[in-house]
Amino acid sequence: SAVISQKPSRDICQRGTSLTIQCQVDSQVTMMFWYRQQPGQSLTLIATANQGSEATYESGFVIDKFPISRPNLTFSTLTVSNMSPEDSSIYLCSVEKSVREAHTYEQYFGPGTRLTVT
Amino acid sequence: SQKIEQNSEALNIQEGKTATLTCNYTNYSPAYLQWYRQDPGRGPVFLLLIRENEKEKRKERLKVTFDTTLKQSLFHITASQPADSATYLCALGKLIFGQGTELSVKP
């Protein structure tokens, strides 16, 4: 399993400012993922963060708006830049752990960061 | 585009009964499908992963079926308990998540 913590758990920010969200995992993982979950909506993958290389962004998300850092195998940050009210959402960090004996994997999520932009 | 549909309405059942949740997908041939539980204000919790070559998978009171012909997965909770009340999400890989079905188990 994997235990994931995120900071901050919630924040209220003014439009035009930026917020950096931290994600810490209790074990080394190859890939970390950042998701957004808007109220009443499903999860949307923002990007995949790999250690030692640039993050891979999904369609509709760009590095200038959501810069990501991945300095080591247990930590990542997501910055929401130049925020607008449309960025109000829950941001979730996630990791994947393989289950070798079952030849499968399990995906774990952090508790999320609830962001409100006014 | 790829799409997942789950029961949009909340499912209310009596304690002890079996809850059955549905996940339908289109325009996609997934190698596997996952089910998660999400409680209010929390991140999703992984429950089960089923591969395309597996018809059924069980874990304690949970059972998942996967019909690639119908493009449908069913998620069953037997002997349901009030503590099972939550929103249940299905997902295709890491990219496509359903909106979830809210389950409420009444004592």
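Order of the sequence lines sets the chain letters (A, B, ...), proteins ahead of strands, with each chain counted from 1.
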Joint hydrophobic cluster, [X] plus [Y], side-chain heavy atoms closer than 4.5 Å:
X	Y	answer
Leu95(B)	Leu89(B)	yes
Leu21(B)	Tyr32(B)	yes
Ile63(A)	Leu19(A)	yes
Leu115(A)	Phe61(A)	yes
Val64(B)	Leu62(B)	yes

Notebook entry, point to check: Who among Gly41(B), Ala91(B), Gly100(B), Gly98(B) has the most heavy-atom pairs with chain A under 4.5 Å?
Noted result: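 Top option by heavy-atom pairs under 4.5 Å: Gly98(B).
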
[X], part contacting chain B, at a heavy-atom distance under 4.5 Å:
X	result
Leu43(A)	both
Arg114(A)	side chain
Gln6(A)	neither
Tyr108(A)	neither

Atom [atom1] of [X] and atom [atom2] of [Y]: how far apart are they, to the nearest 0.5 Å?
X	Y	atom1	atom2	result
Lys94(B)	Glu96(A)	NZ	CD	3.5 Å
Gln37(A)	Gln38(B)	CD	CD	4.0 Å
Phe97(B)	Gln41(A)	CZ	CD	14.5 Å

Heavy-atom closest contact ([X] atom, [Y] atom, distance):
X	Y	value
Gly40(A)	Gln99(B)	O-NE2, 3.3 Å
Phe46(B)	Gln107(A)	CB-O, 3.2 Å
Gly43(B)	Leu92(A)	CA-CD2, 3.8 Å

Using a 6.0 Å cut-off, check whether atom [atom1] of [X] has over 12 heavy atoms from anything other than its own residue.
X	atom1	result
Gln14(B)	CD	yes
Ile12(A)	CD1	no
Glu15(B)	CD	yes
Glu102(B)	CD	no

Margin query: Taking side chain as everything from C-beta outward and backbone as N, CA, C, O, which of these in Gln6(B) sits under 4.5 Å from a heavy atom of chain A? Side chain, backbone, both or neither.
Written below: neither

Next item on the list: Take Phe109(A) and Arg42(B) through the test side-chain contact (heavy atoms from CB on, under 4.5 Å) and record every step on the way to the result.
Entry: CA-CA 9 Å; Phe109(A) 286 84; Arg42(B) 311 284 292 271; over 6 Å; no

